[in-house]
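Before anything else, here's the structure in question.
It should be emphasised that the depicted structure is a prediction, and the values quoted were computed from it without experimental measurement. Throughout, protein chains are lettered first and strands after them, A, B, ... in sequence-line order, and every chain is numbered starting at 1.
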Amino acid sequence: MATPAGLERWVQDELHSVLGLSERHVAQFLIGTAQRCVSAEEFVQRLRDTDTLDLSGPACDFALRLWNKVPRKAVVEKPARAAEREARALLEKNRSYKLLVDSEESSEETVGRAGSNLQKKHKKRKHLRKKRQEEEEDEEEEVSERGKRKRGGSKQTEKPESEDEWERTERERLQDLEERDAFAERVRQRDKDRTRNVLERSDKKAYEEAQKRLRMAEEDRKAMVPELRKKSRREYLAKREREKLEDLEAELADEEFLFGDVELSRHERRELKYKRRVRDLAREYRAAGEQEKLEATNRYHMPEETRGQPKYQLVLEEEETIEFVRATQLQGDEEPSAPSLPTQAQQKESIQAVRRSLPVFPFREELLAAIANHQVLIIEGETGSGKTTQIPQYLFEEGYTKKGMKIACTQPRRVAAMSVAARVAREMGVKLGNEVGYSIRFEDCTSERTVLRYMTDGMLLREFLSEPDLASYSVVMVDEAHERTLHTDILFGLIKDVARFRPELKVLVASATLDTARFSTFFDDAPVFRIPGRRFPVDIFYTKAPEADYLEACVVSVLQIHVTQPPGDILVFLTGQEEIEAACEMLQDRCRRLGSKIRELLVLPIYANLPSDMQARIFQSTPPGARKVVVATNIAETSLTIEGIIYVLDPGFCKQKSYNPRTGMESLTVTPCSKASANQRAGRAGRVAAGKCFRLYTAWAYQHELEETTVPEIQRTSLGNVVLLLKSLGIHDLMHFDFLDPPPYETLLLALEQLYALGALNHLGELTTSGRKMAELPVDPMLSKMILASEKYSCSEEILTVAAMLSVNNSIFYRPKDKVVHADNARVNFFLPGGDHLVLLNVYTQWAESGYSSQWCYENFVQFRSMRRARDVREQLEGLLERVEVGLSSCQGDYIRVRKAITAGYFYHTARLTRSGYRTVKQQQTVFIHPNSSLFEEQPRWLLYHELVLTTKEFMRQVLEIESSWLLEVAPHYYKAKELEDPHAKKMPKKIGKTREELG
DNA sequence: GAGCACTGC
């Protein structure tokens, strides 16, 4: 894949001697273009198109020589693409053939869907027949006439005598079509094979390797997705629904046989049957409701005394209760000498006493000796063992911070870094920000005196940019390493590298009891130091049988726990906002129905997007006699700790982001969680006393179906940012970078390709000047490119706002369930023609005009928290503008300039309107505008999107209308004029591409 | 006509 290093020099020399040109970028452009062209003709044509060289003179000869010399990777895929196009054209032909046949159907129909066409036709025919019966005979002729006309007047499609015969001929026709498609597929395959033979051996090998990986990835995905989805509730229900329907259909098929009556068509009968079924179900349901009501009133008269152990059987239907079996116990760490948790009195008495009571304390000397003897040490210890707060202090006391050296301790979360730093400062009796400080984005609470620095992992990563060898640090401690965040994983690779040539640097990797062996192997068999934690035992219960509807099961179990178990709060883990809201509603509803028969149950939701005042409610202490049930997302797994939780209810699912490097598409799917995260959840029950964890799956499922650990983030996310960072640290060979778990090859490749397209890397994969600037900005590469481009269009003020708004994750608009209409209205009020980016700009501007008011946010259904964050991001970016040599300027309402600047960053993400909806320009993938977009009903011809997400469809979120000519303006190296012309448009708008085409 | 878990720079 690498271009020979001497090539560029050769081209430059030639350019100089033949044409007297000496610009480097011309040489780069020529090589790049030559690499992408299939034939010399195309190359020359492209040079003509872009007007780079005057090809009338000796330059033409030179161009040919150059073309011969440049190795072309494009050759690998281009002919394949051509073959594909050809095959597509063939298919298209077939389609038009089919159009003749299925004259009533749109061109969208595929063979697979044609089955349903038959049904539609049945319906139509049935309708016609009815009419025929109703009306007189003379009309009959006209109807059949119309029928003929409708089928395109084609002679092949004469109307057969009977219904069945007609159906048969139709089937045969479809079969024929399928055969043709298969033929087209064969043609395409043959051409592909031929292309492959043309390749040189080395290219071929690489190509095949890539193909293999791609195939494997695809297969993996195919195999995994249904597997994962199968488990999601919605899918399960859908499947059940389908099965029900299938049963129904089978029944009907039997009946059809019995019914001698020709009058009823199959479809009619089916409808009838279905209606009957629905009616019966409704009856059953109503009857059940009556019964329930009856029982409820009966229960009301139950004497108080019977409410004892078996009470729940009275409150809950017997078939409603869920049977759990106790299987295992999460061992508490036995510590006979230690008094449970340090009480407040003790804390007041002496901070030092508390320090001494921590599990890590007895190991102080041993630990320090181990650190002195080994450069890298893996420390294994549960939360609560005091490793995060104590170890850096021990190191400080031992003198690791002399000679102005610092100790760094990284945390995956901002809050953790802040609170730990505050606590350590208190323990050491210094002011926060002096000897002990923290450093997180937007907030640097350190000074020159700071020697103990707590920071987020991303922050340390950024420090590598200014200090690649971490020269001012004597110790680096990576805490919570088992969480395997993206930043932690990158840090591992970098630190391992630094440690090699800085033998005096001490590296500590602190992790929970998980995977320490892997860390050890990664760091050349570094020793593992174990510290016992402090935790209470947790009994783990599993269900006897799998639960189909886990939401319902959750609600039932909560009530079950509430009525049968001793006091103590309950924590329920669900996957998302929607589910949490549903569960809370169900719980409250049931509690209301049960009324005073049960004790008070406080139902509290918690998820990240919940407004802060609602979030704060979960920390209020439970009133006496009541029980609190917190319904949470994963947020409660790591990010926040709720006191008083004794019971944990774990359905075993979580939402997980995954990334498809082939399409650059992210998706968020409900997946079974890993064993590690199940145990983490269970552990939440044992923080204040012995607890219980109820898992809504079987012990067998835990053993055999759950993954050991969650897939590390680095393998399921886009890596544009990371690659740029590593490149700017001088790491060129990313494929062989020492990753603890290497990301998929395709992900890296796509990231490199995108960076190349953005001009951050040159064709040799080296960082360019603009690439270096882009790495300075803490945003995604495309966003930073957009910011850099705003200089040219002098609209950096607006672009900064857009960038800031885009980087807060789609949580700008607040949409409470009970005020959906108002919220939507408020949103529509912000709409501006042009697209969602301008809407965001509009929201921010208005908010700024309101004086950054929270009241304004409340009135306009805008999330204040997100806006504040956007303001922080904007301020930070503004501060960095000078470093990347962009001046502050405003476009004064000329939004065309803003849109052009955005296009300059996002030209990679474009889609065009075709007859069959939107297609991405490069990958030719069918995509849709997100219904929340301001352009949802507009359907402009050319679009740019911020991101592509797969939910129910492939949606483009945050779209902007652009003109195709802008693409040539901002990315002439990436787009060919030819690509941008619109073959289907009747009226051609003015386009550079078109005029050039006409001239050339 | 959808429906976004959690972090981080």
Side-chain angles (χ1 to χ4, degrees), chain A residues 234 410-417 439-444 455-465 480 483-491 573-582 606-610 632-640 653-658 666-671 673 677 680 710 712-714 716-717 720-722 724-725 774-781 783-784 803-804 807-817 820 823-824 827 863 866 869 872-873 876-877 880 928-933 936-937 947 949-958:
Chain A
R234 198 180 293 176
T410 72
Q411 295 290 324
R413 276 168 294 280
R414 295 159 50 90
V415 188
S439 166
I440 56 179
R441 190 184 185 183
F442 312 129
E443 217 178 318
D444 188 7
M455 51 170 77
T456 44
D457 45 11
M459 207 65 196
L460 186 63
L461 211 53
R462 285 270 144 193
E463 287 216 350
F464 268 94
L465 273 180
E480 313 285 353
E483 283 191 29
R484 301 293 304 276
T485 66
L486 175 63
H487 292 153
T488 305
D489 267 22
I490 307 288
L491 274 181
F573 283 102
L574 291 178
T575 63
Q577 178 177 348
E578 200 182 342
E579 248 177 47
I580 288 176
E581 278 169 0
I606 175 100
Y607 44 86
N609 264 349
L610 195 74
T633 58
N634 260 356
I635 195 171
E637 200 176 298
T638 48
S639 304
L640 50 90
F653 291 99
C654 62
K655 261 186 192 161
Q656 233 182 32
K657 197 167 82 172
S658 51
E666 289 180 341
S667 48
L668 206 59
T669 36
V670 175
T671 52
C673 67
S677 111
Q680 175 79 21
T710 313
E713 192 184 358
I714 196 168
R716 17 175 206 105
T717 187
N721 228 341
V722 166
L724 188 59
L725 184 85
M774 282 162 68
E776 292 276 341
L777 299 170
V779 287
D780 276 338
L783 273 177
S784 44
S807 59
V808 300
N809 261 337
N810 292 304
S811 44
I812 301 287
F813 298 105
Y814 178 54
R815 201 164 178 265
K817 239 182 175 175
V820 170
D824 284 351
R827 198 164 52 87
Q863 296 228 37
S866 305
R869 206 185 132 72
D872 284 339
V873 175
Q876 190 193 23
L877 291 176
L880 288 167
F928 303 88
I929 300 183
H930 198 277
N932 277 354
S933 164
F936 181 62
E937 282 159 358
E947 59 182 352
V949 287
L950 177 71
T951 49
T952 49
K953 274 185 193 168
E954 290 86 351
F955 284 113
M956 300 180 277
R957 269 206 303 241
Q958 316 290 18

Give Q656(A) one of three labels, base, sugar-phosphate or nothing, depending on what nucleic acid heavy atoms sit under 4.0 Å from its own.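 The residue Q656(A) makes no contact with any strand.
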
Ignoring the backbone of Q577(A), work out which of dC6(B), dG1(B), dA5(B) is nearest its side chain.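 That would be dA5(B).
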
E937(A) CD to dG1(B) P: how many Å, rounded?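 Rounded to whole Å, this separation is 10 Å.
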
Protein-nucleotide distance (D824(A), atom CG; dA2(B), atom C1'), rounded to Å: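 Rounded to the whole Å, the gap is 10 Å.
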
F813(A) CZ to dA2(B) P: how many Å, rounded?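 Taking CZ of F813(A) and P of dA2(B), I get 20 Å after rounding.
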
Is a side-chain donor-acceptor pair under 3.5 Å present for S667(A) with S658(A)?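 Distance-only check passes for S658(A) and S667(A).
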
Base, sugar-phosphate, or nothing: which does R413(A) touch, judged by heavy atoms less than 4.0 Å apart?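 Sugar-phosphate contact only - R413(A) comes under 4.0 Å of backbone atoms but never of a base.
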
Between S784(A) (side chain only) and D780(A) (backbone N and O only), is there a donor and an acceptor less than 3.5 Å apart?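 The answer is yes, because a donor-acceptor pair under 3.5 Å joins these two groups.
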
Would you please name every residue forming a salt bridge (Lys or Arg N to Asp or Glu O under 4.0 Å) with E483(A), sequence neighbours left out?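 Partners of E483(A) by the salt bridge (Lys or Arg N to Asp or Glu O under 4.0 Å) criterion, ordered by chain and then number, come out as R413(A).
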
Using whole Å, report how far CG of L465(A) lies from P of dC9(B).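 It works out to 14 Å between those atoms.
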
Roughly how many Å is it from CZ in R827(A) to P in dA2(B), rounded to a whole number?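 These atoms are roughly 14 Å apart.
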
Check every strand shown and say whether T485(A) touches a base, only sugar-phosphate, or nothing at a heavy-atom separation below 4.0 Å.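 If one applies the 4.0 Å heavy-atom cut-off, T485(A) turns out to touch nothing in the nucleic acid.
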
Considering only side-chain heavy atoms of F955(A), which listed nucleotide, dC9(B), dA2(B), dA5(B), is closest?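 That would be dA2(B).
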
Once you apply a heavy-atom cut-off of 4.0 Å, does K953(A) come out as touching a base, just sugar-phosphate, or nothing?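 Contact class for K953(A): none.
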
Quick one: label L777(A) by what it contacts on the DNA or RNA (base, sugar-phosphate, nothing), any heavy atom closer than 4.0 Å.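 Nothing: the residue L777(A), judged by heavy atoms under 4.0 Å, touches no strand.
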
Output the single nucleotide from dG1(B), dC6(B), dC9(B) whose closest atom is nearest the side chain of T633(A).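 Minimum distance to the T633(A) side chain belongs to dC6(B).
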
The side chain of N932(A) is closest to which nucleotide in this list: dA2(B), dC6(B), dC9(B)?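 Of the candidates, dA2(B) comes closest.
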
Kindly say if Q876(A) contacts the phosphate of dC9(B), meaning a side-chain N or O under 4.0 Å from OP1 or OP2.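 False: Q876(A) side-chain N/O out of range (4.0 Å or more) of dC9(B) OP1/OP2.
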
Using a cut-off of 4.0 Å on non-hydrogen atoms, how would the nucleic acid contact of F442(A) be classed: base, sugar-phosphate, or nothing?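 Result for F442(A) = nothing.
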
Can you find a side-chain donor-acceptor pair between Q656(A) and R716(A) that sits under 3.5 Å?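 Short answer, no.
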
Under 3.5 Å, is there a donor on one side chain and an acceptor on the other for T717(A) and E713(A)?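 Note: T717(A) and E713(A) side chains miss the donor-acceptor criterion.
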
Is T456(A) close enough to dT7(B) that one of its side-chain N or O atoms is under 4.0 Å from OP1 or OP2 there?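 For dT7(B), neither OP1 nor OP2 has a side-chain N or O of T456(A) closer than 4.0 Å.
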
Whole angstrom value for the distance that separates C1' of dT7(B) from CZ of R441(A):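 Checked: the CZ to C1' distance equals 12 Å.
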
Could you tell me the separation between the CE atom of M455(A) and the P atom of dG8(B), rounded to a whole number of Å?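 For the pair M455(A) CE and dG8(B) P, the rounded distance is 15 Å.
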
dA5(B) P sits how many Å from I606(A) CD1, rounded?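 That distance rounds to 13 Å.
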
